[in-house]
Amino acid sequence: MPSPQKSYSGSEDYLPHRSGPAIKAGRRVFSGFDSLPGDRCLEIYKIMVRARAVEERTLKMSKSGEGIFWVGGPGEEAFNVCLGLQVQKGCGPAFDYLHLHYRNLGIMLAMGMSMADHIRQMAMTATDRHSRGRNFVCHYAMPEWNVIPVTSVIAVQYVMAPGTALMQKRHGGNGVSVVLGGDAGSSEGDFSSCMVWSTRPGNELPVLMIVTNNGFGISTSTKTQHSERNISDRGEAFGIPGEVVDGNDPVATWFALERAFEHCRTTRRPFLLEAMVSRLHGHSSSSGAARVHNETDCMRDFERRLIQEGVIHRELAELVWHDAREEADAAVEQVMSEPMPTPDDVDRFTYAPSPVDAVYPEDYTGLPR
Amino acid sequence: MATLVQAVRLALHYGEEHLGVTDVFGEDVGPPLGGVFTATQGLKTAWNTPLDERGIVGTAMGIAYAGGRPVFEIQFCDYAFNVIDLLKVAGNQRWGSAGAYPMPIVMMTPTGAGIRGSMYHSHSYESWASRLPGWKIVMPSDALDAYGLMLSAIIDPNPVMVLLPKALLRVRGDKLIPGEPDDPAELSKRIDAPLGDRSKWVPDWPAVEKYLIPFGVGELVREGQTATVISYGRTLPLCVQAADELKAQGFSFDVIDLRSIFPYDWQMISRSVLRTGRVAIVNEDTEVTNFGEHLLRRITEEHFYDLLVRPRLVQGRHVPGIGLNPIYESNSVPQLDQIRDALRTLATDPA
Ligand SMILES: Cc1ncc(C[n+]2csc(CCOP(=O)(O)OP(=O)(O)O)c2C)c(N)n1
C-alpha cells in the first residue's frame, strides 16, 4: 500500500492504482443546467474528504490535550475546496490575494497545503509555519501564496483587501483580492468600508467579497439581527453585482465562483458572493464542538450524488475516507514529535531588521537598554 | 528655515523620489487641499480617501502586503481611536506570522493641544500608542527632527507612527534641512500651494538630501548640572524656555528631547539621571495612565539609590476633554508657568 501522503498527491492516478477503472470519467454531475465532469467532481470530493478528515482529527486534538482550542470549517468544505481550486496561486500582485477567516482549511488543502501544516498550528509547535505556535488553528499565513495572516478580529480583513487589490490593479494582469468572512461579521463597518473602497469612482478594484453564511454568529441567529433579504443585496447600492449560492452544492458553487472570479478578473471591479453553508460542529471547541445533525452535510450529500451518478462506488468512497484518515493520523503522529517553541522565542519576529533603529537593529530584545 | 509641517512635506517628497514611497493618502490629503495642515501639498503620490479611518489603516496594510510603501495620515489623532484594534493588528502581523509578513507602513497624525482645538482636536495619543507592541512611535519637536524622523520612518520596514505636535506644525526650525533654500520666503514660494485655484500649480521642489535621525536616539538640547528634564513634542520647547529662564537663578538643566517614544533612549536618560539625581518628565497626555509613568517606573527601579529627591511627572489632567474656552486648556495641560514652577521645585527640593 502506498504511503498515505503519496496516495493523494496525484489525484488522477488514484483510482486505477487502488480499485481499478471505477471512475466513469465521462459522467457529469448536474446542478440545474450547470454540470461538472466526473474527474473534476472526484478531485473536489477527495479534497473535501481530506479536509473533513483533518478537521475531525484536529477537533479530537482539542479534546485529547494534543492541542488547546479548535475552530474550523466542517460544513464549508464544498465551498472552500471549489474556491481553492480556482485561485491563481503565487506570490505578489500578479496573483490572487487571500484574506481569509478561520474556517478555510478546505481552501488551503485545495491549494496544496499539507495536512501537517494545518496540524502543526493546532499542536502549537515551533515548526508551525503560519505562526510558530502563536495563533489558533486555521489562522494561516503564507506569503508565497499571498495568504494574508488570518486574524481573530472579525471582519478586519475587509478593510485590507482594497489595499492589495489596489496594488493588483496598478500592477496589471488579472489578480483578484479574495476576502471572506461570516454572515454575522458583515455587520461590522469594515464590511461596508470594503464596498466603499472598492467602488471609488474611477478607482474600482478587483475585490471578490465573499460571505459564508452559516446563519449564526456564535449563538446569535443572524435573522434576529439583520433584516436585509440577502447580504449580497447590499452590494446593489454600490453597483457591485452579487449572487447567492448554495455552498453545500459543489457544482453550483463551482460555477458561481467561476462567474465571480471571471467578473473580477476581466472588469477589475468587485463582486459580492454569498454562500449558504452549514456549521456542523458549532462555533468552536469553546461551545463544545459537538456534531450538529439538523444541517445539511455537504460532504455526505456530494458523496451520495457521486455514487448515484456512478462517478464513484461505495467501496471507493470508503477507501478515500480510509486513506484520508490515515493521512491525518500519520500527520498528527509526525507533528507531535516536532519541537515546541522555547522561552527564547517570545520576543522573536517582533521587528524586521532596520538600518535606522539604534536600539533594535535586528529584532526586539526587551526594553531599551 | 522650513516649518515643521513643511519639513514633513519635504521628507515625503524625498521619500517619493528616493525611498520608494508608493502612496501618501488620507482624508483631504490629495489635491486640491494637500492635507488640512498642508503636510501633503504637491506630492505626486498623494490621494484622497473616503472619510473612513478604518479603511485608511486597512488599505495601508493591504498596500504593504502587496509590496508597496504607504504613508497615511489620520487627520487628527482624535480620530484614531476607532482604529486602535487595526493598529494592534498591524503591530502583530510580523510577530503573529513568525516573520512571514513585515508591515512597512507609516502613520502620521497631528497630536496634542495648543491650537484651541476644543474637545476633539486636542487629544494626546502617545500613551495609547506606546501600548502597541510591534510599532515604533516618534514625535519631533522641530522641523529638522521631523524631516529626519520621517525619512527613518519610511526606511524602517516596521510600522512607524509619527506623531506631529499640532501646536508646533507652523513653527519655523532654526536649522536648515540639507538642500533647503536659505530663504524661508523662497521655500514657501516654491512648495506652498497658492490660495485659490491650484489646478495648474506644481511645486518646484528643492533638492533636499538624505538626513536620518535613528530611532531610540534622544537629543540633549540643553546641558546642565542641577536636574534632568525629559520631554517631547509641544512641551519640549516650553521646558527649554523654562530651563533657560531658571539659569538666572543659578539652576541648569539637562533637557532631553526624547524624539522616540518607543524605542526610547534609555542610555541618555540613565546617564543624565545618574549625574543629576533629580528628574522631571513633562508631557501633555492625561495622567491615568501616562507613558511618562513607565519612564518613572524604570528610573525609580533602576536608579532608586541615585535619586536625590523624588522624581516628578508634569502631565495633563485626567479629565474627559479640553474645553474650548482657553481657561480649560491652560488649566488642563502643562503651560510654561507650571513647568517653570515644577523645575524650580525640583531644583530646590532639599536632598
Ligand atoms: C471584532 C470581534 N468581535 C467579536 C469577536 C468574538 N467572535 C468570534 S467569532 C464571532 C462570531 C462570528 O460570526 P460570523 O461572522 O457569522 O462567522 P462564523 O463564525 O459564523 O463563521 C464572534 C462574535 C471577535 N473575534 N472579533
Side-chain angles (χ1 to χ4, degrees), chain A residues 92-93 97 99 126 128-135 139 141-144 146 148-149 151 153 156-168 170-171 175 177 188-190 192-194 196-197 200 203 345 347-360 363-364 367-369, chain B residues 22-23 47-50 52 54-68 70 82 85-86 88-89 91-104 133-134 136 151-158 212-217 260 262-267 269-270 294 298:
Chain A
Y97 281 94
H99 301 264
D128 157 28
R129 54 149 308 145
H130 308 290
S131 70
R132 205 175 172 84
R134 288 171 172 177
N135 218 336
H139 287 55
M142 284 185 67
E144 61 271 46
N146 283 347
I148 300 304
T151 173
V153 191
V156 294
Q157 66 271 27
Y158 286 102
V159 282
M160 300 173 197
T164 52
L166 184 133
M167 296 296 280
Q168 287 170 313
R170 233 180 241 171
H171 179 273
S177 288
E188 295 278 6
D190 294 351
S192 304
S193 289
C194 189
V196 173
W197 284 72
R200 294 166 59 233
N203 291 291
D345 282 314
D347 291 348
R348 286 184 70 192
F349 307 116
T350 302
Y351 288 134
S354 164
V356 292
D357 193 320
V359 180
Y360 305 120
D363 199 350
Y364 183 61
L367 289 180
R369 285 272 137 212
Chain B
T22 55
D23 297 88
W47 51 278
N48 290 325
T49 67
D52 176 14
R54 296 185 63 79
I56 293 170
V57 177
T59 298
M61 293 175 69
I63 290 172
Y65 282 132
N82 67 339
D85 65 319
L86 283 171
K88 188 94 190 131
V89 173
N92 68 31
Q93 291 303 275
R94 188 169 192 278
W95 189 89
S97 65
Y101 280 99
M103 186 42 66
K136 301 178 183 182
L151 292 198
S152 291
I154 292 165
I155 290 171
D156 194 288
N158 298 287
L212 302 174
I213 294 181
F215 300 145
V217 179
S260 291
F262 201 87
Y264 51 84
D265 190 341
W266 177 247
Q267 288 178 24
I269 295 171
S270 177
H294 165 70
R298 275 198 82 180

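Values below: all heavy atoms of this structure, side chains included; hydrogens, waters and symmetry mates excluded.
Remark: the backbone N or O of B:S97 is not paired with any side-chain donor or acceptor of A:R134 at under 3.5 angstrom. Within the 3.5 Å criterion, the main-chain N or O of A:A352 finds a donor-acceptor partner in the side chain of B:N158.
When heavy atoms are compared at a cutoff of 4.5 Å, B:Y101 approaches chain A solely by way of its side chain, counted from C-beta outward. For A:Y364, the part sitting under 4.5 Å from any heavy atom of chain B is the side chain, from C-beta outward, and nothing else. If you measure heavy-atom distances from B:T22 to chain A, the contacts under 4.5 Å come from both the backbone and the side chain. Both the backbone and the side chain of A:P149 come within contact range of chain B, each with at least one heavy atom under 4.5 Å from a heavy atom of that chain. Only the side chain of B:D23 has a heavy atom closer than 4.5 Å to any heavy atom of chain A. At a 4.5 Å heavy-atom cutoff, the contact between B:D156 and chain A is made by backbone and side-chain atoms alike. With a 4.5 Å cut-off on non-hydrogen atoms, B:L151 does not touch chain A at all.
Here the side chains of B:K136 and A:Y351 are in contact, with some heavy-atom distance below 4.5 Å.
Between chain A and the options B:I155, B:I269, B:D52, heavy-atom pairs under 4.5 Å are most frequent for B:D52.
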Report the C-alpha distance between A:V156 and B:L86 in whole Å, list the side-chain angles of each, state the deciding distance to 0.1 Å, and finish with yes or no for side-chain contact (heavy atoms from CB on, under 4.5 Å). CA-CA 7 Å; A:V156 294; B:L86 283 171; 3.6 Å; yes
In sequence, state the C-alpha distance, the side-chain angles, and the governing distance for B:D265 and A:V359, and then conclude on side-chain contact (heavy atoms from CB on, under 4.5 Å). CA-CA 8 Å; B:D265 190 341; A:V359 180; over 6 Å; no
